[in-house]
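As structure tokens, the structure follows; a few thoughts come after it.
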Amino acid sequence: MDDLTTYCENTWCPGCGNFGIFSAVKSAIKKLEARGVPRERLVMSAGIGCHGKIFDYLALSGFYSLHGRSMTTVQGIKLANPDAKVLTFAGDGDAYGEGLEHMLFAAKRNADITVIVHNNGVYGLTVGQYSPMSRKGFKGPSTPRGSIEEPLNPLAILLEAGATFVARGYSGKTEQFADIIARAVEHEGFSYIDVLQPCVSFNDTYKLYNGLVEAVAEPAKTREEAIRLAKRPDKIPIGVLWQERKEPFHGSLYGDWNPVAKRMPRAERVKIIEKIIRGD
Ligand SMILES: Cc1ncc(C[n+]2csc(CCOP(=O)(O)OP(=O)(O)O)c2C)c(N)n1
Ligand code: SF4
Ligand SMILES: [Mg+2]
């Protein structure tokens, strides 16, 4: 469908920040099409959670993944077909809890994938348990007296891990967020966006974010400066904090070879395998 929406019934709570994300993603896909990236080249994946329902609502090809594992799924898709532009939607519990090591290693190897983390500071789908992003004092079914832990700073962590594109969006600023997504997909290498997403049912942060977000005019000049920006205590910077050019993983591995377009005939592959087995 041209509005990129499927026939599935939308079950997000009215007012959920996921609506802003969904609208920005559709707008970004249209921007990309206008810049010569057809939607047929885009392949998506998603983790498990309220965020993951975007997989059902967005009319794009893809592969629904497991909780915390979508970063690996999209890396596999990219290696199988380097012409594909792959992106995944993850939750903050999904990406910064169970899936954190996958994120770090994808960043370390500069896998050419785009990761969009719906950061609502809570486990939404499982009804309000604290997540790695819940603020100290957050009350939910698993922290009835308030969380005693500090949240992570995922942007600083991913910058340290070597991410070559690091950004933060806000679901309440869809136009800016759409622009960030389009730039992230165009980026060759690991592109990562943490998007602030209020959860009206378990962590309503609209008022908080409206008073704290501040647009970044341009990416930092050095990685250290980007880390300092990510750690700002007074404001939450939104925009692209860091971008650098570096050979992506599939390029270092394959050069310009493409296992789909340049697939060898079976007889030829068998001959090569036989040669390896013989040790010639
Ligand atoms: C391997 C595994 N562990 C746990 C679960 C249960 N589970 C499903 S969704 C979820 C929390 C999701 O939180 P988050 O990733 O922040 O997504 P949100 O619902 O907030 O969008 C959990 C723990 C699961 N489905 N699979
Ligand atoms: S529980 Fe929260 S994150 Fe999930 S749909 Fe409702 S408002 Fe959105
Ligand atoms: Mg969450």
Side-chain angles (χ1 to χ4, degrees), residues 5-6 8-26 44-58 62-74 87-104 106 113-144 146-147 149-155 157-158 168-174 177 181 192-210 236:
T5 307
T6 66
C8 289
E9 185 193 348
N10 193 309
T11 58
W12 283 326
C13 309
C16 174
N18 277 320
F19 285 102
I21 296 178
F22 186 39
S23 151
V25 170
K26 291 190 289 183
M44 67 169 164
S45 185
I48 304 297
C50 293
H51 65 275
K53 294 182 185 179
I54 198 168
F55 189 92
D56 299 328
Y57 308 149
L58 183 65
F63 192 99
Y64 216 149
S65 190
L66 300 174
H67 191 53
R69 306 293 182 262
S70 68
M71 271 70 70
T72 55
T73 305
V74 286
L87 64 157
T88 184
F89 303 96
D92 56 321
D94 191 49
Y96 305 144
E98 211 154 336
L100 184 63
E101 75 278 27
H102 297 307
M103 277 267 273
L104 295 180
I113 65 175
T114 296
V115 180
I116 299 173
V117 183
H118 301 217
N119 177 1
N120 55 8
V122 70
Y123 282 8
L125 189 74
T126 46
V127 299
Q129 296 86 358
Y130 87 125
S131 83
M133 291 309 296
S134 298
R135 67 192 170 279
K136 197 171 177 182
F138 172 82
K139 286 190 178 165
S142 59
T143 51
S147 166
E149 298 176 26
E150 293 287 351
L152 291 176
N153 185 324
L155 275 72
I157 294 171
L158 269 297
R168 178 168 259 155
Y170 174 33
S171 64
K173 303 240 180 246
T174 48
F177 181 41
I181 299 170
Y192 153 69
I193 312 167
D194 175 278
V195 53
L196 304 170
Q197 179 242 310
C199 163
V200 288
S201 297
F202 303 110
N203 192 25
D204 190 348
T205 43
Y206 277 113
K207 226 169 140 186
L208 178 77
Y209 291 151
N210 287 341
I236 307 179

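Remember, it's 1-based here, ligands and their atoms both numbered in the order they're listed. What's counted below: heavy atoms across the whole structure, side chains too, no hydrogens, waters or symmetry copies. Keep in mind that this is a model prediction, so the values were computed, not measured. Count residues from 1 along the sequence.
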- Task: Looking only at distances, please establish whether an N/O atom of ligand 1 is found under 3.5 Å from an N/O atom of N120.
- Result: yes

- Query: So is Y123 polar-close to ligand 1, meaning N/O to N/O under 3.5 Å?
  - Reply: no

- Query: Has ligand 1 got any nitrogen or oxygen that is less than 3.5 angstrom from a nitrogen or oxygen of G93?
  - Reply: yes

- Item | atom 16 (O) of ligand 1: nearest protein contact (heavy atom, Å) | D92 OD1, 2.7 Å

- Message: On a heavy-atom basis, which atom in T73 and which in S65 lie closest, and how many Å separate them?
- Response: OG1-OG, 2.8 Å

- Message: Tell me the contacting part of S131 for ligand 1: side chain, backbone, both, or neither, using a 4.0 Å heavy-atom threshold, strictly below.
- Response: neither

- Answer yes or no for C16: is there an N/O/S atom below the 2.8 Å cut-off from atom 8 (Fe) of ligand 2? yes

- Under 4.0 Å from a heavy atom of N120: give me the atoms of ligand 2 that qualify, with their elements. 3 (S)

- Item | Proximal atoms of ligand 1 relative to V122 (non-hydrogen, under 4.0 Å) | 16 (O), 20 (O)

- Task: Give a yes or no on this: more than 12 heavy atoms of other residues, nucleotides or ligands lie within 6.0 Å of atom OH of Y206.
- Result: yes

- Query: For T126 and ligand 1, does the shortest N/O to N/O distance drop below 3.5 Å?
  - Reply: no

- Number the atoms of ligand 1 from 1 as they appear, then name those within less than 4.0 Å of a heavy atom of G124, with their elements. 18 (P), 19 (O), 20 (O)

- Query: Can you check whether R135 reaches N203 side chain to side chain, under 4.5 Å on heavy atoms?
  - Reply: yes

- Query: So is E98 in contact with ligand 1, going by heavy-atom distances below 4.0 Å?
  - Reply: yes

- Can you find an N/O atom of H67 closer than 3.5 Å to an N/O atom of ligand 1? no

- Side chain proximity check, I54 to M44, heavy atoms < 4.5 angstrom: no

- Item | Whether F22 and W12 hold their rings parallel, tilted or perpendicular, with breakpoints at 30° and 60° | perpendicular

- Task: List every atom of ligand 1 that sits less than 4.0 Å from any heavy atom of C50, numbering the atoms from 1 in the order shown and giving each element.
- Result: 18 (P), 19 (O), 21 (O)

- Task: Would you please determine whether K53 falls within less than 4.0 Å of ligand 2 on a heavy-atom basis?
- Result: no

